[in-house]
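Notes follow the structure.
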4 protein chains.
Amino acid sequence: MARAKSPEKRQAILQAAAREIAASGLGASTAKIAKGADVAEGTLFTYFASKDELFNELYLELKGEVYRRINAEFPYKATLQVRARHVWTESLNWSIERPEERKASVQLGVSDVVTVATRERIGSQQRGAVEETLGEIAARGVFKDLPPGFAASAMGAMQDAVIDTVARKPRQKAVLVEKGFDAFWRMAK
Amino acid sequence: MARAKSPEKRQAILQAAAREIAASGLGASTAKIAKGADVAEGTLFTYFASKDELFNELYLELKGEVYRRINAEFPYKATLQVRARHVWTESLNWSIERPEERKASVQLGVSDVVTVATRERIGSQQRGAVEETLGEIAARGVFKDLPPGFAASAMGAMQDAVIDTVARKPRQKAVLVEKGFDAFWRMAK
Amino acid sequence: MARAKSPEKRQAILQAAAREIAASGLGASTAKIAKGADVAEGTLFTYFASKDELFNELYLELKGEVYRRINAEFPYKATLQVRARHVWTESLNWSIERPEERKASVQLGVSDVVTVATRERIGSQQRGAVEETLGEIAARGVFKDLPPGFAASAMGAMQDAVIDTVARKPRQKAVLVEKGFDAFWRMAK
Amino acid sequence: MARAKSPEKRQAILQAAAREIAASGLGASTAKIAKGADVAEGTLFTYFASKDELFNELYLELKGEVYRRINAEFPYKATLQVRARHVWTESLNWSIERPEERKASVQLGVSDVVTVATRERIGSQQRGAVEETLGEIAARGVFKDLPPGFAASAMGAMQDAVIDTVARKPRQKAVLVEKGFDAFWRMAK
DNA sequence: TATGAATGAGCGTTCATTCAT
DNA sequence: CATGAATGAACGCTCATTCAT
């Protein structure tokens, strides 16, 4: 048999793509991505049929990473506030620790190269605990009077505010993450 | 005797740029923008030295529009909550009423074609009343324990959540704008 | 006003295209064609929207040249044989004198980059006298018992045979053209 | 102990090549040809050193098929007209029955990927009876005054005319083949 | 021998920018 | 000043061929 497709190369391409998107947006060229992954330009296309497919796979990968991180050690039996704080902290820490991946993820999420089909493929994997927690939040506090989905948007939005602030005051990261949650929780209480 | 540069043409180019960015992202070509503004390709470059400059000017213009709207009829003497609600409502309505401009504004804001210099030039124009109001909010509620700037980020972020939701439930626009503020205000109270 | 599109450049591109197609078939690259015409790669596309359009225009141009040559000094009032010989001789001489154009024309004619629409645009211009003559031939001799169009195919085919032979015996060009017609005429008599 | 190269695979590749050339011209990719032959991309190159070699071999194969068909049941002792008609009919029927092979053969014949050496190798295999017959025709009728080779070109050319016409009127195939020969024979008589 | 991943030159086309008119 | 033709680098993608397995 011929050489097998190397998972390492696939990963290298995905990582390079995230890096390039963070640096220059969705206009990031396949040539640069390939060079960043240390493979030939053509090789990129043996792993991903097109730039669009690469970007969809990357989005999946990135979202998957966050969900995997949240689900690991999820405090299923704890109070809602504890569970909410877990979701908040884990996803926020991922964003802060991997700023390039986060930037890429946001850009992809906003664009329309990421298809509806891709977006749908995400949750079905293991969105479970997160969704359950957000659902409970949505039924409380101010969110009770707002459509479902608003609570999730609001959490994401408040996390953006924290990330912005951490970018300016990196030393206070831990405090910001915690106080940020307290702010968010005021709305849910 | 050179003809004077026409402000109408300048405006037409800026508007066409916003439209094109909303439609196809920052990859929008100068040729399309020029055609959209009904001027020749080359003419664009007599008004803006480069695509980057055009985009920076557009960002300024867009942000300026919002501030101008907020400042018109600003209730300087009202309570903080009333003033905050005014800022919230006016800027949010602008976003909702002019989705293309907003989309362009977001895309530009996220990218790095908009320079730090441009970002700094914004407020200096007429950020006055808004800044004062946000400053007061930052000294209250949860924001008291968070760095300055967090309150502003949080408001913007919460507005994004409202916009997202309005996009899905356009009929409930008025309610969402109001309840959204109530949610935000819980953090400031 | 800006620089006007130059008919010379257009012609240069068409000629270069014919040359390149003759040399390397329809795979001839736009880059080589542009270089052959001494214009920049991009310039080709200001004259022709795509490679396909260029090739269709070239086909039209080439067919037009032959028809123009036949129609000039066409002996409208002469006998059928004289008129037929005129068509035969003029078109054949064009083919022999301009071997590259002929090669390109054949390749294009056989391929399907030349659209039906293009093929239809040809005759309407001035196929007149030729068509009339071929029509008369089709009603005579062996052709009487064969479908319309066969006579035209046969003339073209017999011309190919002459061209093949002239290519091997260029000295006898004049005789071959004449005797070739005599051979063809045997079928029509 | 190396496995022997399989003649079946060789044939499958040649057939797939003919099919692909008929469908998409000489630009047909080796990858598609390999897939069409149900072998791996690399395997193609263990049977043929390069795409050009494959195409030359294919041309030989295709021409060989026609000659083999003509030579089978060749009426060696019949009159010239009968023998000529046999050559005409058999080769023409091959073209009509196997349109893909014919299309490929024409495309290859016109291009210059088929080398002079290949063209020369053809007849030497078994052109015998055909050549003899064409030689006799060349010494008669109009062909007497034309160079050797013209008769052969003329026959091929007239066959092209028949094929063109059959393509438009498939129902009349049999009549066209016969009447076409009559037309050709007028020149030879 | 058979496989198909790897390669990088080359493809048709787009584009920001320049500059002759 | 306004125009749009001209430019060539860069783009996403394909391909014949090589070679590790």
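Below, chains carry the letters A, B, ... as their sequence lines are ordered, and counting in each starts from 1.
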Next item on the list: Please identify each residue that fulfils side chain to side chain contact (heavy atoms under 4.5 Å, CB included) with Thr30(C), with sequence neighbours left out.
Entry: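 Partners of Thr30(C) by the side chain to side chain contact (heavy atoms under 4.5 Å, CB included) criterion, ordered by chain and then number, come out as Leu44(C), Phe45(C), Lys51(C).
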Next item on the list: List the atom of Asp112(D), the atom of Lys103(C), and the distance in Å for their closest heavy-atom pair.
Entry: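 Heavy atoms only, the tightest pair is OD2-NZ, 4.1 Å.
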Value in whole Å for how far the [atom2] atom of [N] lies from [atom1] of [X]:
X: Ile33(B); N: dT17(E); atom1: CD1; atom2: P; answer: 11 Å
X: Glu20(C); N: dG12(E); atom1: CD; atom2: P; answer: 11 Å
X: Asp38(A); N: dA5(E); atom1: CG; atom2: P; answer: 20 Å
X: Arg3(A); N: dA2(E); atom1: CZ; atom2: C1'; answer: 15 Å
X: Glu41(A); N: dG12(F); atom1: CD; atom2: P; answer: 9 Å
X: Lys35(A); N: dG12(F); atom1: NZ; atom2: C1'; answer: 17 Å
X: Leu26(A); N: dC11(F); atom1: CG; atom2: C1'; answer: 15 Å
X: Lys32(B); N: dA16(E); atom1: NZ; atom2: P; answer: 11 Å

Checklist line | Glu101(D)/Arg19(D) salt bridge by N-O under 4.0 Å criterion | finding: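 Salt bridge absent between Arg19(D) and Glu101(D).
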Item checked: Ionic contact status for Arg98(C) with Glu65(C), cut-off 4.0 Å ->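 Result for this pair is yes, salt bridge flagged.
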Next item on the list: Specify the residue among Thr43(C) and Ala40(B) whose closest nucleotide of DNA chain F lies further upstream toward the 5′ end.
Entry: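 The residue whose closest nucleotide sits nearer the 5' end is Ala40(B).
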Item checked: Earlier contact from the 5' end, DNA chain F, for Ala28(D) and Ser6(C) ->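 Its nearest nucleotide lies further toward 5', so the answer is Ser6(C).
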Next item on the list: Looking only at side-chain atoms of Thr30(C), point me to the closest of dA5(E), dT13(E), dT7(E).
Entry: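 Nearest listed nucleotide: dT13(E).
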Checklist line | Ser111(C) side chain near Gln107(C) side chain, heavy-atom distance below 4.5 Å | finding: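 A side-chain contact is absent here, since even the closest heavy-atom pair is not under 4.5 Å.
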Next item on the list: Side-chain contact test, heavy atoms from C-beta onward, threshold under 4.5 Å: evaluate it for Val110(A) versus Val106(B) and give yes or no.
Entry: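 A side-chain contact is absent here, since even the closest heavy-atom pair is not under 4.5 Å.
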Notebook entry, point to check: Counting only N and O atoms by type, is there a donor-acceptor contact under 3.5 Å from the side chain of Tyr47(A) to the main-chain atoms of Ser6(A)?
Noted result: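 Checked: pair present.
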Notebook entry, point to check: Which dot-bracket notation, 5' to 3', represents the base pairing of DNA chain E when pairs are defined as Watson-Crick or G-U with both distances under 3.5 Å, crossing pairs as [ ], and inter-strand pairs as |?
Noted result: .||||||||||||||||||||
Item checked: Strand contacts (DNA chain E) in residues 45-54 of chain A, 4.0 angstrom heavy-atom criterion ->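 Thr46(A), Tyr47(A) - these, ordered by number, are the residues of the stretch whose heavy atoms sit under 4.0 Å from the strand.
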Check: Which ones in residues 7-18 of chain D lie close to DNA chain E, meaning a heavy atom under 4.0 Å from one of its atoms?
Finding: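 Correct list: Lys9(D).
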Checklist line | Counterpart residues, side chain to side chain donor-acceptor pair (under 3.5 Å), relative to Glu61(B) (two or more places apart) | finding: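 Scan of Glu61(B) (side chain to side chain donor-acceptor pair (under 3.5 Å), adjacent residues dropped) gives Gln11(B).
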Check: When the nearest nucleotide of DNA chain E is assigned to Gly27(B) and to Leu44(D) on a heavy-atom basis, which residue is associated with the more 5' position?
Finding: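 Closer to the 5' end of DNA chain E: Leu44(D).
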Check: 5'-most contact on DNA chain E: Gly42(B) or Gly42(C), nearest heavy atom basis?
Finding: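 Taking each residue's closest nucleotide, the earlier one in sequence belongs to Gly42(C).
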Item checked: Test salt bridge (charged side-chain N to carboxylate O under 4.0 Å, His left out) applied to Glu57(B) - qualifying residues, sequence neighbours left out ->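 Counting only residues at least two positions away or on another chain, Glu57(B) forms a salt bridge (charged side-chain N to carboxylate O under 4.0 Å, His left out) with Arg10(B), Arg121(B).
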Next item on the list: With rounding to the nearest 0.5 Å, note down the distance linking CG in Leu54(D) to CD1 in Ile21(D).
Entry: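 So the CG of Leu54(D) and the CD1 of Ile21(D) are separated by 7.0 Å.
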Next item on the list: Could you walk me through whether Thr118(D) and Thr115(D) pass the side-chain hydrogen bond (donor to acceptor under 3.5 Å, both in side chains) test, one step at a time?
Entry: CA-CA 5 Å; Thr118(D) 297; Thr115(D) 63; 3.0 Å; yes
Margin query: So, OP1 or OP2 of dC11(E): does either fall under 4.0 Å of a side-chain N or O from Ser29(C)?
Written below: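 Yes, because at least one side-chain N or O of Ser29(C) sits under 4.0 Å from OP1 or OP2 of dC11(E).
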Notebook entry, point to check: Should the heavy atoms of other residues, nucleotides or ligands under 6.0 Å from CG of Asp38(A) be counted, would the total exceed 12?
Noted result: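 Incorrect, the count does not exceed 12.
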